[in-house]
Protein chains: 2
Amino acid sequence: MSKPSKPKGAAPIIKPKKSKPAPTPKAQLGPEDWARAALAAIQRDGVQAVAVEPLAKILGVTKGSFYWHFTHRDALLAAALRLWEQEQSDDIVTRFQAIADPRRRLRIMMFAAFEDQENGLLHAALASSSEDERVQPTLRRVTETRMRFGIESFRSLGLGDEEALRRALFTYSAYAGYFLLLRAIPESVRDVSDLSAYVRYLANALLPEDLKGDHSPKSKPGLKSVAQSRK
Amino acid sequence: MSKPSKPKGAAPIIKPKKSKPAPTPKAQLGPEDWARAALAAIQRDGVQAVAVEPLAKILGVTKGSFYWHFTHRDALLAAALRLWEQEQSDDIVTRFQAIADPRRRLRIMMFAAFEDQENGLLHAALASSSEDERVQPTLRRVTETRMRFGIESFRSLGLGDEEALRRALFTYSAYAGYFLLLRAIPESVRDVSDLSAYVRYLANALLPEDLKGDHSPKSKPGLKSVAQSRK
DNA sequence: CTGTGTCAATACGGTTGCGTATTGTCATCC
DNA sequence: GGATGACAATACGCAACCGTATTGACACAG
């Protein structure tokens with residue numbers, strides 16, 4: 001009967017500061033630890049690897065304690081997806097929305113997206129599990145947010161709706177495909193040693209110089225040669 | 001959720017067995033029926049859906065008869081992968097190797113690849129299951145074959161090794177990513193009504209006019225607006 | 001010291017899918 | 001018309017997970 005119902009209900013006038021986590025640095029596990037472990041499992045073996053007992057083994061506990069933090073397995077998956085989605089959103093909002101010039105914004109976004117291999121591989125893993133109806137909504141929201149952002153940026157460049165949509169889809173396909181391949185057959189991708197040249201190629205194909213915006217040639221972002229995926 | 005039509009309910013209907021005596025048209029199931037069903041299951045729900053009992057239910061039999069055709073579950077998966085790989089190889093060899101001009105060959109290959117949605121989605125499903133070590137070898141072989149073919153074609157265009165590799169990877173990423181997105185979030189891709197314009201975009205980005213080879217402008221393949229994937 | 005809240009371990013029952021064993025049903029061959 | 005070969009059904013045992021129930025360990029508050 002000891003359900004994890006919030007016992008702070010009645011009248012939280014006083015704030016017993018030390019009735020919770022501060023003194024214990026990392027001794028016990030919390031829901032977020034499970035969610036992060038779930039994300040790691042997804043990146044490694046796909047959504048189906050989000051299983052309670054194996055994860056418990058990884059975390060060094062038994063599943064008995066899992067059901068203290070979550071009601072059921074799907075709640076863990078939902079928490080992991082929420083965590084991922086939020087980090088993605090934070091990312092895109094805080095880092096790129098501020099850049100006024102759409103041309104610069106797109107270029108920087110492209111480089112940043114390909115630079116972050118960790119996140120790219122996680123995206124590939126989640127997109128690879130799209131047959132799972134539990135990930136689909138989150139995946140769709142994230143995809144649509146990014147696509148909308150890309151479409152808007154391309155439209156700000158002076159392109160028509162059709163063309164903006166086409167280029168946004170093109171960009172996103174190249175992104176998703178690159179990391180899908182990197183995840184599936186890293187050997188075939190590893191040979192491309194100069195990833196920045198690869199992305200520059202993508203940017204130049206989609207952002208021709210004759211459109212508008214500044215003419216920053218190449219050495220623009222603080223991004224160097226980002227390549228290798230040595231493990 | 002179309003339930004398998006099992007006519008052996010309350011009605012004492014005798015099994016409508018084909019009374020065809022001589023050539024045994026299609027009354028009974030063979031290994032290839034199972035392999036094709038497995039491929040269909042992969043395309044729908046990923047490699048993990050290649051499970052004996054569910055497939056038996058779909059095929060209208062019980063797993064008892066499965067083990068007549070295959071020694072174990074993995075043998076079925078192997079057969080399905082072999083079938084896929086062979087069809088892929090046949091495809092690429094018979095259809096494109098004959099085209100002498102690399103420029104034309106690449107262009108036609110691009111259009112053909114994007115035109116064949118069925119195969120593209122199947123490829124996406126298999127690439128999405130790359131965490132499964134049983135599909136990895138097949139997937140790697142197919143990928144490397146295609147990549148090699150692409151690299152060679154680009155090199156024939158007069159490009160250096162690095163550049164050829166880069167463009168081949170670019171092309172293949174765009175292909176894989178497009179179908180990954182189409183599989184994962186068809187709504188976001190469906191809006192691009194003019195797929196041929198999309199592919200033409202890809203081709204023009206990677207096959208600039210000023211290189212070499214013939215100058216066949218545009219009205220090449222009989223590919224029009226191929227988009228939506230209504231199921 | 002005792003109570004309570006928080007996390008963890010153990011044990012149990014249920015479901016799904018694998019693989020095996022055994023038996024059944026035809027169609028065909030002799 | 002029996003034997004055989006090709007397929008199919010049923011029934012088991014086994015393992016992986018899910019979810020529940022119960023109890024244990026331990027920190028801190030009163």
Side-chain angles (χ1 to χ4, degrees), chain A residues 1-10 12-35 37-38 41 45-78 132 134, chain B residues 4 6-9 12-34 37-38 41 45-78 132 134:
Chain A
M1 287 42 163
S2 53
K3 276 293 169 192
S5 48
K6 286 294 178 191
K8 328 194 144 217
I13 303 177
I14 39 174
K15 210 86 181 288
K17 191 76 173 190
K18 42 190 191 164
S19 65
K20 254 218 71 175
T24 42
K26 209 57 202 163
Q28 314 260 93
L29 295 172
E32 198 177 315
D33 299 278
W34 284 90
D45 297 315
V47 167
Q48 62 142 357
V50 180
V52 178
E53 277 153 321
L55 280 185
K57 189 160 290 186
I58 289 175
L59 288 174
V61 295
T62 58
K63 67 175 178 170
S65 86
F66 166 82
Y67 287 95
W68 169 251
H69 305 290
F70 297 94
T71 62
H72 46 244
R73 181 205 133 133
D74 281 14
L76 169 60
L77 181 54
D132 194 311
R134 291 163 303 187
Chain B
K6 267 210 168 163
K8 59 187 288 197
I13 302 177
I14 316 291
K15 276 252 191 98
K17 267 306 198 240
K18 289 303 163 72
S19 49
K20 271 296 199 263
T24 313
K26 210 59 199 163
Q28 314 258 92
L29 296 172
E32 198 177 315
D33 300 277
W34 284 91
D45 297 315
V47 166
Q48 62 142 358
V50 180
V52 177
E53 276 155 323
L55 280 185
K57 191 159 286 187
I58 289 175
L59 289 173
V61 296
T62 57
K63 66 175 179 170
S65 86
F66 166 82
Y67 285 94
W68 205 94
H69 304 291
F70 298 93
T71 62
H72 46 245
R73 180 203 137 145
D74 281 13
L76 169 60
L77 181 53
D132 194 311
R134 291 164 303 188

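These numbers were taken from a predicted model, which means no experiment stands behind them.
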Could I get a table of every N or O pair under 3.5 Å where one atom is in the protein and the other is in nucleotides 15-22 of chain C?
unit_1, atom_1, unit_2, atom_2, d
C:dC18, OP1, B:Val52, N, 3.1
C:dC18, OP2, B:Val52, N, 2.9
C:dC18, OP2, B:Glu53, N, 3.3
C:dC18, N4, B:Lys63, NZ, 2.8
C:dG19, OP2, B:Tyr67, OH, 3.3
C:dG19, OP2, B:Arg73, N, 2.8
C:dG19, N7, B:Lys63, NZ, 3.1
C:dG19, O6, B:Lys63, NZ, 2.1

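- The CG atom of A:Asp33 sits 14 Å away from the C1' atom of C:dT6 (whole-angstrom rounding).
- B:Glu53 is linked by a side-chain hydrogen bond (donor to acceptor under 3.5 Å, both in side chains) to B:Lys63, counting only residues two or more places apart in sequence or in another chain.
- Rounding to whole angstrom units, CH2 of residue A:Trp34 and P of C:dT6 are separated by 18 Å.
- The phosphate of C:dT6 has neither OP1 nor OP2 within less than 4.0 Å of any side-chain N or O from A:His69.
- Side-chain N/O atoms of A:Trp68 include none lying less than 4.0 angstrom from OP1 or OP2 on C:dA8.
- Taking all atoms of both residues into account, the shortest heavy-atom contact from A:Asp74 to A:Arg134 is OD1-NH1, 2.9 Å.
- Residues forming a side chain to side chain contact (heavy atoms under 4.5 Å, CB included) with B:Ala38 (at least two apart in sequence, or on another chain): B:Val50, B:Leu55, B:Leu76, B:Ala80.
- In this view, B:Asp45 satisfies the side-chain hydrogen bond (donor to acceptor under 3.5 Å, both in side chains) rule with no residue, not counting sequence neighbours.
- Summarising the geometry, the separation between CZ on B:Phe70 and P on D:dA6 is reported as 16 Å, rounded to the nearest angstrom.
- Residues passing the side chain to side chain contact (heavy atoms under 4.5 Å, CB included) test with A:Pro31, sequence neighbours excluded: A:His69, A:Phe70.
- Between the NZ atom of B:Lys57 and the P atom of D:dA9 there is a distance of 12 Å, given to the nearest Å.
- Scored by the side chain to side chain contact (heavy atoms under 4.5 Å, CB included) test, A:Leu59 finds A:Leu29, A:Trp34, A:Ala37, A:Val61 as partners (sequence neighbours excluded).
- Look at A:Ser65 and you'll find a side-chain N or O under 4.0 angstrom from OP1 or OP2 of C:dA8.
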